[in-house]
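Note on naming: letters A, B, ... go to the chains in the order of the sequence lines (proteins, then strands), and numbering restarts at 1 for each one.
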Protein chains: 2
Amino acid sequence: MTVVDEGLRLETSQHPDHETARDVVSEAIEAGALVTVVGRCTVDYEGRASSTLGPGERLVMLKPDGAALVHTDEGQQPVNWQPPDCEHEATLVDGRLLVESHRETPEEHLAVSFESVLEVSAYGLTDERDLSLEGTEEDLRQRILDDPTLIETGFVPLATERQTPAGAVDIYGEDGDGRAVAVELKRRRVGPDAVGQLGRYVDAMDRDLHADTDVRGILVAPSVTDRASRLLAERGLEFVPLTPTGAAECDT
Amino acid sequence: MTVVDEGLRLETSQHPDHETARDVVSEAIEAGALVTVVGRCTVDYEGRASSTLGPGERLVMLKPDGAALVHTDEGQQPVNWQPPDCEHEATLVDGRLLVESHRETPEEHLAVSFESVLEVSAYGLTDERDLSLEGTEEDLRQRILDDPTLIETGFVPLATERQTPAGAVDIYGEDGDGRAVAVELKRRRVGPDAVGQLGRYVDAMDRDLHADTDVRGILVAPSVTDRASRLLAERGLEFVPLTPTGAAECDT
DNA sequence: CGATGGATATCGCAC
DNA sequence: GTGCGATGTCCATCG
C-alpha cells in the first residue's frame with residue numbers, strides 16, 4: 001500500500017515488495033528527499049575500518065546531503081553510517097533491495113541488504129537550521145573577557161587564539177606583575193589531556209619568548225579530576241574554577 | 001489516514017491531527033516501539049548546555065531504550081538529542097503535539113513542539129546487534145603481540161594495559177638491552193595529543209621505576225603530523241609506522 | 001557512580 | 001586538502 005502526498009512532500013509504502021521499495025528509494029534520492037527504510041537487513045562497511053552486521057531489524061536513513069545512518073532500537077549512535085557527501089543508490093540484487101552509499105577520499109562503502117522491508121518513506125524537508133547554543137567554551141571566554149578579575153585581580157587579556165609553535169592559546173594576557181599568562185579554557189570538568197594541552201602551549205611560549213621569567217599557565221574549567229590536579233602541580237600550572245554560565249562551581 | 005499492522009509491528013499515520021499523533025506516539029512509547037515523527041517543529045534543550053532551534057522540518061526519532069534524536073535534512077549528527085535512559089512523553093499543549101525527553105544525573109530536558117505533523121510511525125524492532133568490526137586499535141595491538149619484531153628486533157611485550165600513576169600503557173615491554181619500553185597505539189595518523197599521552201606515561205614510569213636508565217616511549221601509528229613529530233623529538237620519544245590492518249604504510 | 005581514553009568519532013575553522 | 005581542537009561529543013571499561 002502506497003500513499004503519495006501532494007507536491008512530493010511525503011511518500012510512504014508499507015510492506016512494499018523489494019522492487020517497489022527500490023523504485024521509491026531511487027526516486028526519492030533523485031528528488032532530494034530524506035528517505036527512511038525500515039526492515040530486516042544485513043550491513044557491510046568497508047573504508048577507514050571494516051565491519052559486518054548480521055541480520056536484524058533496523059531503520060536506515062538516507063539524507064539528501066549524502067549522509068547515511070543505520071539505527072538499531074538501541075543507542076544514540078548509529079550502528080553503521082556514512083558521512084555527508086556520499087552517493088546513495090538503491091538496486092535489486094537477487095530480488096532483494098540493496099541500499100549502498102559510497103564516497104572517495106577516503107574510499108568508503110556501505111551496503112545494506114534487506115531480507116524484508118517493513119516500510120519505506122520519503123520526506124521532502126526544508127530547514128533553516130538556526131540553532132542557538134549556550135554554555136559553550138566561547139561563552140566561557142566571553143565571560144572572562146567581560147570580567148578578567150574572574151581569573152585574578154590584575155589580569156589583563158591581550159589576545160585570544162594567540163598562535164604559538166604548539167598551537168593557539170585560548171587567552172593570552174599579563175598578570176598584575178606584567179608576567180605573561182596562557183589561559184586554557186574548558187567548558188566542563190577536565191582530565192589529564194587538558195593539562196597536557198596547556199603544558200604544550202606554556203612550553204612553546206617559554207621557548208618562543210625566552211624571557212627571564214617563565215610563562216604562567218592557567219587552566220580554567222568548572223572542576224578538575226584528581227590525576228589532572230596532580231599533573232598541574234607537577235608542571236607548575238594553575239587552576240581557576242569557572243563555569244561557562246556562572247552556575248554554581250564545583251570544589252577542587 | 002492510519003494503517004495498523006498485525007502484531008503492532010508497524011503503525012503509521014499520515015497528516016494526523018495533533019491529538020491522533022499524540023495518541024500514536026504515547027501508545028508506541030508505552031509498547032516499547034521505535035517512533036519517528038516528521039514535521040515542522042521547534043526544539044528547546046536545557047541541560048549540560050542549553051539551546052533553542054527555530055521552526056523547521058525535521059525527523060524526530062524516539063528509541064525504546066530512551067534515546068532521542070532530532071535530525072534535519074543535513075549532517076550525520078542530530079541537531080538535538082538525548083542519550084539513552086531518558087523518559088519520553090507525548091502531550092498536547094495548546095492543541096499541539098509536544099514531544100519531551102527527560103533524564104536526571106545530569107538533569108537534561110528536550111522539548112520538541114510541532115506546528116504540523118507530516119507523518120508518525122511506530123516500529124516494533126528486534127535486533128541481535130552482533131557487529132563485527134576490524135581495523136581498530138585492538139587489531140593493531142594483536143598484530144604487534146603476534147609479531148613483536150614489528151616494533152623492533154628484540155622487543156618483548158610483557159603486559160598490556162599496564163597501570164601507571166598517569167594511566168594505562170597500551171603495551172609495556174623490554175627491548176633487546178632489557179630496557180623498559182612503553183608503547184602507545186593509535187589506529188590512525190596522530191597529532192600532538194598522542195605525544196602528550198605517551199609522554200605522561202613515560203614520565204610516570206620514570207618516576208615509578210626510578211631505574212638507572214630512562215624508560216623508552218614508542219608511538220605506533222600509521223603516520224604522524226609535523227608538529228607531533230617535533231614534539232616526539234623534543235621529548236626523546238620514538239615513532240614506529242604501522243597500520244592496524246597491514247595496509248600500505250605512509251611516510252613519517 | 002566518576003575517571004579515563006578510544007572512535008569508521010563528527011564538525012568547523014585556519015592555513 | 002591537512003592540521004588542530006571543541007563537542008550537550010558517545011561509549012565501553014575499569015575502579
How about B:H71 and B:P78: do any of their side-chain heavy atoms sit closer than 4.5 Å?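 With C-beta onward as the side chain, the pair touches.
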Under a 4.0 Å heavy-atom criterion, the protein footprint on nucleotides 7-15 of chain D, written with B, S and -, is SBBSS----
Mind checking the P distance from D:dC4 to D:dG8? Whole angstroms is fine. 23 Å
Expressed in whole Å, how much space separates the P atoms belonging to C:dT8 and C:dT4?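 Each nucleotide's P atom is 23 Å from the other's.
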Of the non-hydrogen atoms in A:P192 and A:T225, which two are nearest, and what is the gap between them? CD-OG1, 4.3 Å
Donor on one side chain, acceptor on other, A:T136 and A:R187, under 3.5 Å: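 A:R187 and A:T136 do not have a side-chain donor-acceptor pair below 3.5 Å.
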Could you check whether any side-chain N or O of [X] sits under 3.5 Å from a backbone N or O of [Y], counting only pairs where one atom can act as donor and the other as acceptor?
{"X": "A:D65", "Y": "B:G75", "answer": "yes"}
{"X": "A:K63", "Y": "A:L34", "answer": "no"}
{"X": "B:D170", "Y": "B:L185", "answer": "yes"}

Any Lys/Arg nitrogen of A:D85 or A:R103 sitting under 4.0 Å from an Asp/Glu carboxylate oxygen of the other?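 Result for this pair is no, no salt bridge flagged.
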So does A:R141 pair up with A:E161, basic N to acidic O under 4.0 Å?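 Judged by the 4.0 Å cut-off on N to carboxylate O distance, A:R141 and A:E161 do form a salt bridge.
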Of all nucleotides in DNA chain C with an atom under 4.0 Å from a non-hydrogen atom of chain B, which is the first and which the last going 5' to 3'?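 First-to-last contact on DNA chain C, by the 4.0 Å heavy-atom rule, is C:dG5 to C:dC11.
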Could you pick out which residue, A:T105 or A:Q197, lies toward the 5' side of DNA chain D when each is mapped onto its nearest nucleotide?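 Taking each residue's closest nucleotide, the earlier one in sequence belongs to A:T105.
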